[in-house]
Q: 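What follows is a structure written as structure tokens; I'll ask about it next.
Side chains are part of it too, since the values below use all heavy atoms of this structure and drop only hydrogens, waters and symmetry mates.
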Amino acid sequence: MANDLVIDVPEMVDKAYYKLYTSKQQYIALKGARASGKSVATAFKVVIDILRYPYVNWLVVRQFQNTQKDSTFAIIKWAVHYMGLDDYFKFTVSPLEITYKPTQQKVFFRSMDDPLKITSITTTVGKICRSWWEEAYELKSDDSFQTVIESMRGELPIGGFYQHVITFNPWSDRHWLKREFFDVDTRRNNTLAFTTTYKNNHHLNDDFIEAMKEMVVRNPNRAKVAVFGDWGISEGLVFDGLFEQRDFSMEEIAKLPKSIGLDFGFKHDPTAGEFMAIDQTNRVVYVYDEFYQQGMLTQAIAQALAQHKAYGLPITADSAEQRLTTELASVYGVPNLRTAGKGKDSVIQGVQYMQSYHYVIHPRVKGLLSEMNTYVYDKDKLGNWLNKPKDENNHACLTGNTLVETTNGSKPISELVGKSGNVYSLDTETGNVVVDEFSNVCKTRKHAPVFEVELEDGRTVKATSDHKFLTKNGWKELADLTEDDEIISI
């Protein structure tokens with residue numbers, strides 16, 4: 001029988017998670033960084049507790065039911081397979097349930113759309129005495145949470161215990177989860193609370209680990225949550241009070257005009273496609289779909305646009321990558337594609353315009369939600385808030401002594417900070433040298449690692465590893481350059 005199996009927990013998870021399997025405290029609150037392995041560790045616990053305790057049935061809860069099948073249900077199914085227990089469990093999609101066949105213990109999946117419906121679940125064996133609250137940051141209120149907790153009652157065998165596991169990314173220090181489970185003065189009794197990070201997941205590849213380290217330098221606000229698992233800051237949020245996460249149907253937005261915003265990234269920054277329906281009358285933007293991924297080449301971007309049904313909708317793309325926009329349209333046939341206008345103070349003006357709307361973000365849209373939770377205003381040297389967002393997403397840099405060919409002669413970048421003017425640049429469509437305007441020159445970060453590139457004629461350029469150079473084979477980040485690359489010179 002499966003109950004006679006020996007489960008090798010040290011082989012399955014990092015030692016930081018051992019307490020998850022040994023604690024009998026009523027609440028286990030586990031906040032974690034991105035890719036910390038907390039969901040996998042909890043999925044193993046679901047299986048292990050069923051094997052260990054014949055009276056245990058699980059209730060797995062998320063705010064939105066339509067997110068369960070591809071997340072909690074799928075990961076528990078994976079855990080069962082990993083443990084070699086496929087023959088002992090039955091998985092059904094309608095209703096969404098998992099049954100341990102030898103005893104008929106069950107795992108039920110429910111949402112918080114109507115908490116009272118959860119309280120009416122009955123079992124044929126044992127009690128529902130375990131709950132897993134996945135992505136608990138989505139939960140709207142502690143009142144609804146408490147309603148479900150109080151419904152889980154009944155006498156258990158001697159030594160039996162009720163337990164509730166809460167897992168989430170801590171995007172804001174305002175969330176009630178902090179008060180209820182982490183703050184020393186207010187947290188609930190009988191609570192085990194701890195934090196894990198990507199360092200507690202030994203199954204990550206080197207590229208992902210490097211991306212996490214890079215985020216610490218490039219976007220420290222987001223890294224606070226995504227890398228270190230700390231509470232995100234709420235003070236100074238650019239879109240504070242202007243966005244909410246809510247499940248909505250396509251029927252609800254069927255008559256609204258739709259469009260797509262496309263922002264290009266590559267190695268360190270994600271390429272983001274955001275799909276929106278705009279209610280101009282009520283000034284509401286519904287963000288209903290998204291692709292958000294690092295390392296996307298042009299063909300992959302075109303495929304993602306097609307897969308997400310972008311064709312036929314107006315697409316506004318990042319103006320900083322004219323080559324990509326041209327290639328998407330001419331080589332891959334992406335229609336209705338135009339670049340965003342960009343000029344002096346365009347970021348501030350764009351933010352102010354966006355602040356005139358309210359944003360309803362669908363649960364499937366993860367990337368934009370995380371950025372809105374970490375996009376803050378900048379401060380001056382005295383710590384006073386400035387009326388401009390902190391620039392932490394576009395940090396490919398040249399050093400201040402790098403010479404730039406302006407129409408007034410060669411100038412170090414450091415002399416152009418805070419100024420506007422004209423420079424000589426290359427029109428990548430025609431290959432001609434043209435005069436173009438520059439603005440918003442600024443110092444982006446301190447103490448960043450800088451590398452020196454020596455050109456064939458002896459000149460050198462100092463830049464960060466993610467600064468892009470135009471080569472005869474297209475744009476390349478400094479870190480990806482080789483001695484065989486030929487950098488375009490004007």
Q: Do any side-chain atoms of residues 30-37 form donor-acceptor pairs under 3.5 angstrom with protein atoms, and if so which ones, sequence neighbours left out?
A:
residue: K31; atom: NZ; partner: T195; partner atom: OG1; Å: 2.9
residue: K31; atom: NZ; partner: G229; partner atom: O; Å: 2.8
residue: S36; atom: OG; partner: A33; partner atom: O; Å: 3.3
residue: S36; atom: OG; partner: T196; partner atom: OG1; Å: 3.4

Q: F181 ring centre to R187 NZ or CZ under 6.0 Å, with the angle to the axis within 45°?
A: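 Not satisfied by the 6.0 Å and 45° rule.
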Q: Return the set of residues passing salt bridge (charged side-chain N to carboxylate O under 4.0 Å, His left out) with R130 (not counting sequence neighbours), or none when no residue passes.
A: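 Once residues adjacent in sequence are excluded, the partners of R130 under the salt bridge (charged side-chain N to carboxylate O under 4.0 Å, His left out) criterion are D49.
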Q: Sequence neighbours excluded, which residues qualify as ring pair (Phe, Tyr, Trp, His ring centres under 6.0 Å) partners of H308?
A: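 Partners of H308 by the ring pair (Phe, Tyr, Trp, His ring centres under 6.0 Å) criterion, ordered by chain and then number, come out as F275, F291.
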Q: Between Y292 and E371, do the side chains contain a donor N or O and an acceptor N or O under 3.5 Å apart?
A: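 Yes, side-chain donor-acceptor contact under 3.5 Å.
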Q: May I ask you to say whether E252 pairs ionically with R246, meaning some side-chain N is under 4.0 Å from a carboxylate O?
A: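 Between R246 and E252 there is a salt bridge, with a charged N closer than 4.0 Å to a carboxylate O.
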Q: State, yes or no, whether a side-chain contact exists between D240 and Y375 at a heavy-atom distance under 4.5 Å.
A: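 The answer is no, as the side chains (C-beta and beyond) never meet within the 4.5 Å cut-off.
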Q: May I ask you to establish whether R188 and Y27 are in a cation-pi arrangement, using a distance under 6.0 Å from NZ or CZ to the six-membered ring centre and at most 45° from the ring axis?
A: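 Geometry flag: set, cation within 6.0 Å and 45°.
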Q: Taking side chain to side chain contact (heavy atoms under 4.5 Å, CB included) as the test, write out the residues that go with S141, two or more places apart.
A: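 Listed in chain order: D143, S144.
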Q: Who passes side chain to side chain donor-acceptor pair (under 3.5 Å) against E138, sequence neighbours left out?
A: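 In terms of side chain to side chain donor-acceptor pair (under 3.5 Å), with neighbours along the sequence ignored, E138 is linked to R62, K366.
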Q: Would you say K90 and Q104 are linked by a side-chain donor-acceptor pair, where the criterion is simply a distance under 3.5 Å?
A: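 No, because no side-chain N or O of Q104 sits under 3.5 Å from a partner of the opposite role on K90.
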Q: Quick one: ring pair (Phe, Tyr, Trp, His ring centres under 6.0 Å) partners of Y286, sequence neighbours excluded?
A: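 Expected list: F248.
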Q: Who pairs with K258 by salt bridge (charged side-chain N to carboxylate O under 4.0 Å, His left out), at least two apart in sequence or on another chain?
A: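 With neighbours one apart ignored, the set is empty.
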Q: If the condition is ring pair (Phe, Tyr, Trp, His ring centres under 6.0 Å), which residues does W176 pass it with, not counting sequence neighbours?
A: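 Applying ring pair (Phe, Tyr, Trp, His ring centres under 6.0 Å) to W176 gives F145.
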Q: When you compare the side chains of E150 and Q146, does any donor N or O come within less than 3.5 Å of an acceptor on the partner?
A: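 Per modelled atom types, E150 and Q146 side chains form a pair under 3.5 Å.
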Q: Return the set of residues passing ring pair (Phe, Tyr, Trp, His ring centres under 6.0 Å) with F89 (not counting sequence neighbours), or none when no residue passes.
A: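 Residues passing ring pair (Phe, Tyr, Trp, His ring centres under 6.0 Å) with F89: Y100.
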Q: For H362 and D247, does a side-chain donor sit closer than 3.5 Å to a side-chain acceptor?
A: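 Indeed, the side chains of H362 and D247 share at least one donor-acceptor pair under 3.5 Å.
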Q: Identify, with sequence neighbours excluded, every residue that meets side chain to side chain donor-acceptor pair (under 3.5 Å) alongside H175.
A: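 For H175, no residue satisfies side chain to side chain donor-acceptor pair (under 3.5 Å) once neighbours in sequence are set aside.
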Q: For K106, check salt bridge (charged side-chain N to carboxylate O under 4.0 Å, His left out) against everything at least two apart and list the hits.
A: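 Expected list: E97.
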Q: Is it true that D230 and K224 make a salt bridge, defined as a side-chain N closer than 4.0 Å to a carboxylate O?
A: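 Result for this pair is no, no salt bridge flagged.
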Q: Looking only at the aromatic ring of each residue, does the gap between the centers of W231 and F182 stay below 6.0 angstrom?
A: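 Centroid separation for F182 and W231: below 6.0 Å.
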Q: Can you say whether the rings of W78 and F44 are parallel (under 30°), tilted (30 to 60°) or perpendicular (over 60°)?
A: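 The arrangement is tilted - the two ring planes meet at 30° to 60°.
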Q: The criterion is salt bridge (charged side-chain N to carboxylate O under 4.0 Å, His left out); which residues satisfy it with R179, sequence neighbours excluded?
A: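 Scan of R179 (salt bridge (charged side-chain N to carboxylate O under 4.0 Å, His left out), adjacent residues dropped) gives D142.
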